[in-house]
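What follows is a short report on a single structure.
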Amino acid sequence: MHGVNQMRILEQAVKEKATAALSAAGASGDLENLLGPATVEELGDLAVPCHSLAPLLKRSPVDIAESISSSLAPVLSGIAEVSAVSGFVNIKAEPKWLAARLCEILPDDRLGVSIEETRVAAVDYSSPNVAKEMHVGHLRSTVIGDAIVRMLMHKGHTVHRENHVGDWGTPFGMLIEHLLDLGEGNAADELGVGDLDGFYKQARAKFNSDEIFVERSRNRVVMLQSGDEETLRLWRVLVDESMRYFNEVYGMLGVLLTNEDIMGESNYHHLLPDVVTRLENLGILEDSDGAKVVYPGGWVNREGEPMPLIIQKADGGYNYATTDLACIIDRVERIGCNDLLYVVGAPQTQHFKMVFEVASKAGLMDNSHNATHINFGSVLDSDGKILKSREGEAIKLVDLLNESVVRAEQAIADRNPSIDPKQRREIAKAIGIGAVKYADLSTERTKDYVFDWDRMLSFDGNTSPYLQYAHARICSIFRRSLIARPLPDGTAITLLHPEEILLARRLVNFSAMVDESLHTYSPHRLCTYLHSVASAFASFYENCPVLSSEDDLVRLSRLALCDLTARTLSTGLGLLGIDSPEQM
RNA sequence: GCGCCUGUAGCUCAGUGGAUAGAGCAUCGGUCUUCGGAACCGAGGGUCGGGGGUUCGAAUCCCUCCGGGCGCGCCA
């Protein structure tokens with residue numbers, strides 16, 4: 001299967017010898033690049049297309065492939081079979097070699113995943129707004145960001161989770177005044193039960209219709225900005241009540257974010273004048289209609305005029321570009337980040353390009369820093385429109401998560417009525433939440449995806465319930481087997497049946513696929529891989545009896561395959577932030 | 001108008017310049033007195049939006065047109 005059979009470990013094992021065989025055949029140039037994953041798995045794991053060599057060697061690709069193949073075959077004996085087909089040299093790992101790799105991974109808690117040279121990364125994700133509801137728009141950022149955080153941590157990196165909460169700015173004048181109108185106690189109650197939308201909308205409605213309220217709001221913003229103690233206290237009430245609510249949602253979702261990770265906009269407030277000063281000192285700050293701006297170049301507005309990044313508004317206020325630059329300063333200079341990752345929706349692509357451009361221009365970061373906007377598409381309904389509630393409003397994230405758990409619980413009750421209700425509830429959480437997260441993670445993140453309850457909660461197909469089910473089945477096998485995990489050191493693995501060999505091919509790739517998924521910030525690649533593992537396991541399980549096998553060695557070998565499969569699935573799902581229950 | 005993203009099987013989606021473009025779902029057919037049937041095996045189904053170009057080779061890179069989405073100055 002294309003994409004899930006990278007076989008990097010085989011590539012490492014044969015690279016030197018393959019390159020040598022190529023130069024022996026008379027080829028020159030960057031021969032390493034010729035060796036790559038095969039696209040037809042039946043033919044091989046790796047392949048060398050010889051077509052580009054033909055004009056150089058003045059021989060046909062078929063000819064070249066055959067001669068390279070015959071010289072390489074004996075050298076790779078014991079590692080891989082070598083063959084030549086229509087100008088390709090195909091290299092296919094031998095079952096014995098695969099078995100030896102699995103034996104190495106078997107006692108390894110990390111399943112072959114290496115620790116990389118430590119980098120310091122800041123991952124900016126989730127970022128809800130205080131006194132506003134979390135909706136599906138926050139789902140993607142939170143779920144994708146959390147998966148990337150988990151992968152980075154697993155690879156040994158130092159990760160700063162940064163929840164860039166919207167807790168500052170002009171709306172807070174309005175929100176605080178509304179808080180006072182309601183009375184603090186009532187307002188806190190309303191926010192506390194999670195009715196953030198109601199609170200915000202009431203404030204907004206007054207702001208749109210009541211001029212006195214508008215005036216009060218403006219005054220309140222000034223007081224907030226100038227550090228008035230009572231105003232700050234009221235602001236703090238809004239922030240605290242909102243965060244309490246957000247933390248509940250994070251708890252439901254099972255993401256790593258805590259209060260420790262909150263780095264709201266207010267945290268950077270004191271740095272904003274410094275941003276202006278720095279840009280001014282560099283002489284890149286220009287005046288435009290009273291606003292202070294930087295022209296990164298390359299962007300034009302509707303009138304075709306150069307488009308600036310506004311650093312300070314004409315009224316002296318700052319906006320989000322300024323805060324983002326302050327963030328970069330903070331992350332580079334205080335935290336010492338190498339990676340600055342922003343898990344934010346695709347519509348902000350241009351904004352981030354401009355900010356990164358200005359930051360580089362201003363020397364706030366240099367080539368040693370990797371600033372990446374990890375963008376993502378929208379969640380759509382079955383009509384291809386942005387997912388909304390029946391009333392045409394954004395769907396509350398809590399409602400969506402609750403519904404998923406309810407649906408999962410119903411599905412379990414239908415199929416496994418004997419299960420204890422309390423346990424059923426726990427499993428339903430793992431399945432329901434996992435299904436929503438997996439649906440979000442399993443498609444290429446820059447594209448929009450269609451939200452579909454029936455599909456994501458299905459126990460078939462590329463879904464988390466299918467992967468969780470495969471895992472639970474294996475746990476069941478071990479429960480019956482009375483054999484304890486981990487399996488004893490030195491457990492022998494023998495691969496005879498095609499289904500065993502295919503499963504082994506998948507399992508040895510775990511480490512490469514984790515790396516691939518992380519380096520491209522593409523959790524869906526890990527999902528695709530895990531599904532291919534579960535699918536290969538299903539075939540194996542059907543065709544290769546484990547417990548009923550008469551031969552003790554075969555039984556143990558197959559149990560080892562079961563064990564590796566279960567650990568690959570649970571570790572992989574774990575990196576995606578999804579639980580793997582032992583029963584379901 | 002300018003810019004970015006996007007278009008692959010009936011549906012939902014993979015696909016790194018390589019071989020006959022792949023999964024899952026759905027459909028149809030088959031297997032098995034079930035190590036958890038929530039199973040497995042097989043089949044049909046494609047002008048990779050259209051058209052040019054580069055290349056030994058293009059879903060992939062370039063140009064152009066069409067469809068869809070998003071963004072484009074003091075909101076975040």
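The sequence lines fix the lettering, A, B, ..., with proteins before strands; numbering per chain opens at 1.
Pairing for B/G67 is with B/U6, a Watson-Crick or G-U wobble pair whose two hydrogen-bonding atom distances lie under 3.5 Å. Pair check for B/C72 finds B/G1; Watson-Crick or G-U wobble, both atom distances under 3.5 Å. Judged by Watson-Crick or G-U wobble contacts below 3.5 Å, the nucleotide B/C35 has no partner. Shown here, B/G24 forms a base pair with B/C11; the pair counts as Watson-Crick or G-U wobble because both key distances fall under 3.5 Å.
A/Glu305 has its CD atom 16 Å from the P atom of B/G3, to the nearest Å. A/Ile419 places its CD1 atom 13 Å from the C1' atom of B/A38, with the value rounded to the nearest Å. Atom CD in A/Glu303 sits roughly 8 Å away from atom P in B/G73 (whole-Å rounding). Going from atom OH of A/Tyr449 over to atom P of B/U8 covers 19 Å, rounded to whole Å. What separates CZ of A/Phe540 from P of B/C41 is a distance of 14 Å, to the nearest Å.
Distances from the side chain of A/Asp460 to the nucleotides B/A39, B/C56, B/A19 place B/A39 closest. The side chain of A/Lys313 sits closest to B/C75 out of B/C75, B/A39, B/A19. Checking B/C35, B/A39, B/G73 against the side-chain heavy atoms of A/Val546 singles out B/C35 as nearest. For A/Tyr320, taking side-chain heavy atoms from C-beta onward, the closest of the listed nucleotides B/G73, B/A76, B/G36 is B/A76. Picking from B/U12, B/G73, B/G36 the nucleotide with the shortest atom distance to the side chain of A/Arg455 gives B/U12. Among the nucleotides B/A23, B/C74, B/C4, the one closest to any side-chain atom of A/His531 is B/A23. Among B/C35, B/G69, B/G73, the nucleotide with an atom closest to any side-chain atom of A/Leu547 is B/C35.
When the side-chain nitrogen and oxygen atoms of A/Lys132 are compared with OP1 and OP2 of B/A76, none of them lie within a distance under 4.0 Å. Between A/Lys353 and B/G71, a side-chain N or O to OP1/OP2 separation shorter than 4.0 Å is absent. A close approach under 4.0 Å does not occur between any side-chain nitrogen or oxygen of A/Ser539 and OP1 or OP2 of B/C40. Taking side-chain N and O atoms only, A/Lys447 has no distance below 4.0 Å to OP1 or OP2 of B/U12. Listed pair A/His351 / B/C4 fails the phosphate criterion, with no side-chain N or O lying under 4.0 Å from OP1 or OP2. Contact annotation: A/Tyr541 reaches the phosphate of B/G36 (side-chain N/O to OP1 or OP2, under 4.0 Å). Contact annotation: A/Arg525 side-chain N/O to B/U16 OP1/OP2 distance is under 4.0 Å. Remark: A/Ser476 is in phosphate contact with B/G36, judged by side-chain N or O atoms under 4.0 Å from OP1 or OP2. Between A/Arg480 and B/G36, a side-chain N or O to OP1/OP2 separation shorter than 4.0 Å is present.
Taking the P atom of each, B/G24 and B/G42 are spaced 10 Å apart, rounded to whole Å. B/U16 and B/A59 have their C1' atoms separated by 13 Å, given to the nearest Å. Between B/U60 and B/G7, the two P atoms lie 11 Å apart (nearest whole Å). Taking the P atoms as reference points, B/A23 lies 11 Å from B/C41, given to the whole Å. Between B/G29 and B/G53, the distance separating the two P atoms is 46 Å to the nearest Å. Atom P of B/C4 sits at a distance of 42 Å from the matching atom of B/G44, rounded to the whole Å. Here, B/U64 and B/G10 have their C1' atoms 31 Å apart, quoted to the whole Å.
In this structure, the ring of A/His373 has its center no less than 6.0 angstrom from the ring center of A/Phe356.
Between the CD1 atom in A/Ile91 and the CD1 atom in A/Ile68 there is a gap of 9.5 Å [rounded to 0.5 Å].
In this pair, A/Tyr449 and A/Phe451 present their aromatic rings tilted. The plane angle is within the 30 to 60° band. In this structure, A/His51 and A/Phe88 have perpendicular ring planes: the angle between them is above 60°, well past the 30° mark. Below 30°, between 30° and 60°, or above 60°: for A/His269 and A/Trp168 the angle between ring planes is between 30° and 60°, a tilted geometry.
A/Thr528 contributes no side-chain N or O that forms a donor-acceptor pair with the base of B/A14 under 3.5 Å. Side-chain atoms of A/Asn301 come within donor-acceptor range of the base of B/G73, with a qualifying N/O pair under 3.5 Å. Donor-acceptor pairing under 3.5 Å, judged by distance alone, is present between the side chain of A/Gln6 and the base of B/U16. Checked by distance alone, A/Asp414 brings no side-chain donor or acceptor within 3.5 Å of a matching partner on the base of B/A38.
As judged by a 4.0 angstrom heavy-atom cut-off over every strand, A/Ala291 is placed among the base-contacting residues. The residue A/Ser481 sits apart from the nucleic acid: no heavy atom pair falls under 4.0 Å.
Just one residue in the list A/Arg8, A/Lys92, A/Arg505 forms a salt bridge (charged side-chain N to carboxylate O under 4.0 Å, His left out) with A/Asp45, and that residue is A/Arg505.
Between A/Phe88 and B/G18, no base-stacking contact is recorded for ring centres under 5.5 Å apart and planes less than 30° from parallel.
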Review point. Given A/Tyr268 and A/His164, is the ring pair (Phe, Tyr, Trp, His ring centres under 6.0 Å) satisfied, shown in steps?
Key: CA-CA 10 Å; A/Tyr268 302 96; A/His164 197 79; 5.5 Å; yes
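Each of A/Ser548 and A/Glu444 lies near RNA chain B, and the nucleotide nearest A/Glu444 is the one positioned closer to the 5' end. Each of A/Ser378 and A/Pro49 lies near RNA chain B, and the nucleotide nearest A/Pro49 is the one positioned closer to the 5' end.
Closest heavy-atom contact between A/Asn509 and A/Gln6: ND2-N, 3.5 Å. For A/Leu457 against A/Ala408, the heavy-atom pair with the smallest separation is CD2-CB, 4.1 Å.
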